[in-house]
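The figures here come from the full heavy-atom set of this structure, side chains too, leaving out hydrogens, waters and symmetry mates.
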Amino acid sequence: LEAEQTIKLAIDSLVNAVALEPRNTLFAQDLFAAYIDLGMNEDAERVLHAALQRNPRDKVLPMTAARLYESKEDWPSAVFYYDVALRNDPSNPVWRRHRAVCHFRQGSFEKAQSDFSRSLANSPVKPQLSEHLAWAEAALKTEDHEEASRVLDLIVNEGEFRTADLEV
């Protein structure tokens with residue numbers, strides 16, 4: 001009972017903090033996280049959407065929304081919020097990589113291939129094998145065999161993947 005009261009007090013405090021400083025995204029993020037931790041997903045989404053409306057230029061909130069919808073496998077919503085995030089920070093290759101995966105999962109192979117090409121080629125962050133494979137598959141599905149061949153060559157020639165990983 002004491003733990004429940006402590007949790008309720010903490011949630012109430014965060015709700016008050018958001019009400020008092022609606023433009024402070026840290027309070028909204030903390031309330032969102034608390035709701036997620038408690039399994040109160042609808043409340044979490046409501047808080048997130050309200051914070052996004054109040055702070056349309058924030059760089060973190062759209063990513064939070066994109067990752068939320070990605071975890072729910074709601075690819076169109078995830079892509080929408082990655083689009084918002086990329087409007088706020090267009091040169092971010094990590095967000096473009098995540099959007100590429102979402103495009104791929106929803107079957108938008110041309111968009112996936114474009115995002116993979118822009119974000120993974122010469123990326124300072126080492127791409128994962130699954131990203132390379134999705135990139136190659138997107139190229140194959142759009143019949144860009146030259147790109148697919150180039151990506152598969154990257155895996156074999158430049159990748160640091162174990163043979164077992166490639167076989168799987």
Side-chain angles (χ1 to χ4, degrees), residues 1-109 111-116 118-120 123-135 137-138 159-162 164-165 168:
L1 186 63
E2 188 175 313
E4 289 177 22
Q5 289 174 335
T6 302
I7 290 170
K8 180 168 178 10
L9 182 61
I11 294 292
D12 290 345
S13 296
L14 286 170
V15 167
N16 287 335
V18 169
L20 291 171
E21 291 193 45
R23 296 221 182 266
N24 185 328
T25 59
L26 295 177
F27 292 146
Q29 289 171 327
D30 287 346
L31 181 56
F32 168 82
Y35 280 146
I36 290 291
D37 287 345
L38 295 170
M40 301 170 68
N41 296 340
E42 289 178 18
D43 290 325
E45 283 187 63
R46 182 183 44 76
V47 167
L48 182 59
H49 287 282
L52 281 162
Q53 287 179 334
R54 287 188 304 269
N55 305 284
R57 295 273 181 228
D58 187 81
K59 291 185 177 186
V60 175
L61 291 172
M63 269 306 296
T64 302
R67 299 295 290 181
L68 171 69
Y69 290 112
E70 201 173 354
S71 73
K72 295 171 130 187
E73 298 184 5
D74 179 349
W75 309 121
S77 295
V79 166
F80 173 83
Y81 284 106
Y82 279 122
D83 288 346
V84 173
L86 285 164
R87 276 196 300 275
N88 293 338
D89 187 3
S91 63
N92 191 310
V94 175
W95 298 352
R96 191 171 304 281
R97 285 167 65 176
H98 283 283
R99 186 177 71 175
V101 170
C102 292
H103 280 311
F104 181 80
R105 300 235 193 257
Q106 72 177 359
S108 299
F109 298 116
K111 291 177 181 178
Q113 180 184 352
S114 173
D115 273 352
F116 279 131
R118 287 183 64 193
S119 64
L120 295 182
S123 173
V125 177
K126 184 131 183 82
Q128 297 176 4
L129 177 60
S130 62
E131 292 172 321
H132 273 107
L133 293 173
W135 183 9
E137 187 175 342
E160 296 175 10
F161 306 111
R162 298 183 332 231
D165 292 336
V168 168

D58 backbone acceptor or donor facing N88 side chain under 3.5 Å: yes
Atom pair CG/CD of L14 and Q29 - distance to nearest 0.5 Å: 12.0 Å
Ion pair K8/D12, N-O distance below 4.0 Å: yes
Gap between atom CG of N16 and atom CD of E21 - 0.5 Å precision: 12.0 Å
For the student: nearest non-hydrogen atoms of N55 and P22, plus distance: ND2-O, 3.7 Å
Check against side-chain contact (heavy atoms from CB on, under 4.5 Å), F32 and L68: CA-CA 11 Å; F32 168 82; L68 171 69; 4.2 Å; yes
H103 and F116: CA distance, side-chain angles, deciding distance, side-chain contact (heavy atoms from CB on, under 4.5 Å) verdict: CA-CA 10 Å; H103 280 311; F116 279 131; over 6 Å; no
Chi angles and distances behind the side-chain contact (heavy atoms from CB on, under 4.5 Å) call for T25, V60: CA-CA 9 Å; T25 59; V60 175; over 6 Å; no
Within-4.5 Å side-chain heavy-atom neighbours: R97 and V101: no
Least distance between heavy atoms, E70 atom then W75 atom: CG-CZ3, 3.6 Å
A34 to I11 - nearest heavy-atom pair and separation: CB-CD1, 3.6 Å
Parallel, tilted or perpendicular: rings of Y82 and H98 (30°, 60°): parallel
Polar side-chain atom of R99 near backbone of Y81 as donor-acceptor pair, under 3.5 Å: no
Euclidean distance, D115 CG relative to S108 OG, rounded to 0.5 Å: 10.5 Å
Distance-minimising heavy-atom pair for C102 and A78: SG-CB, 3.7 Å
F109 side, atom CZ; E137 side, atom CD - distance, nearest 0.5 Å: 6.0 Å
Crowding at CZ, R54 (>12 non-hydrogen neighbours, <6.0 Å): yes
Side-chain touch K111/Q106, heavy atoms, less than 4.5 angstrom: no
Nearest-0.5 Å distance, CG of residue L86 to CE of residue M63: 8.5 Å
Closest non-hydrogen atom pair, Q113 against W135: O-NE1, 4.0 Å
A28 to V47 - nearest heavy-atom pair and separation: O-CG1, 3.6 Å
Qualifying residue for side-chain contact (heavy atoms from CB on, under 4.5 Å) with L48, from D43, I36, L61, L31: L61
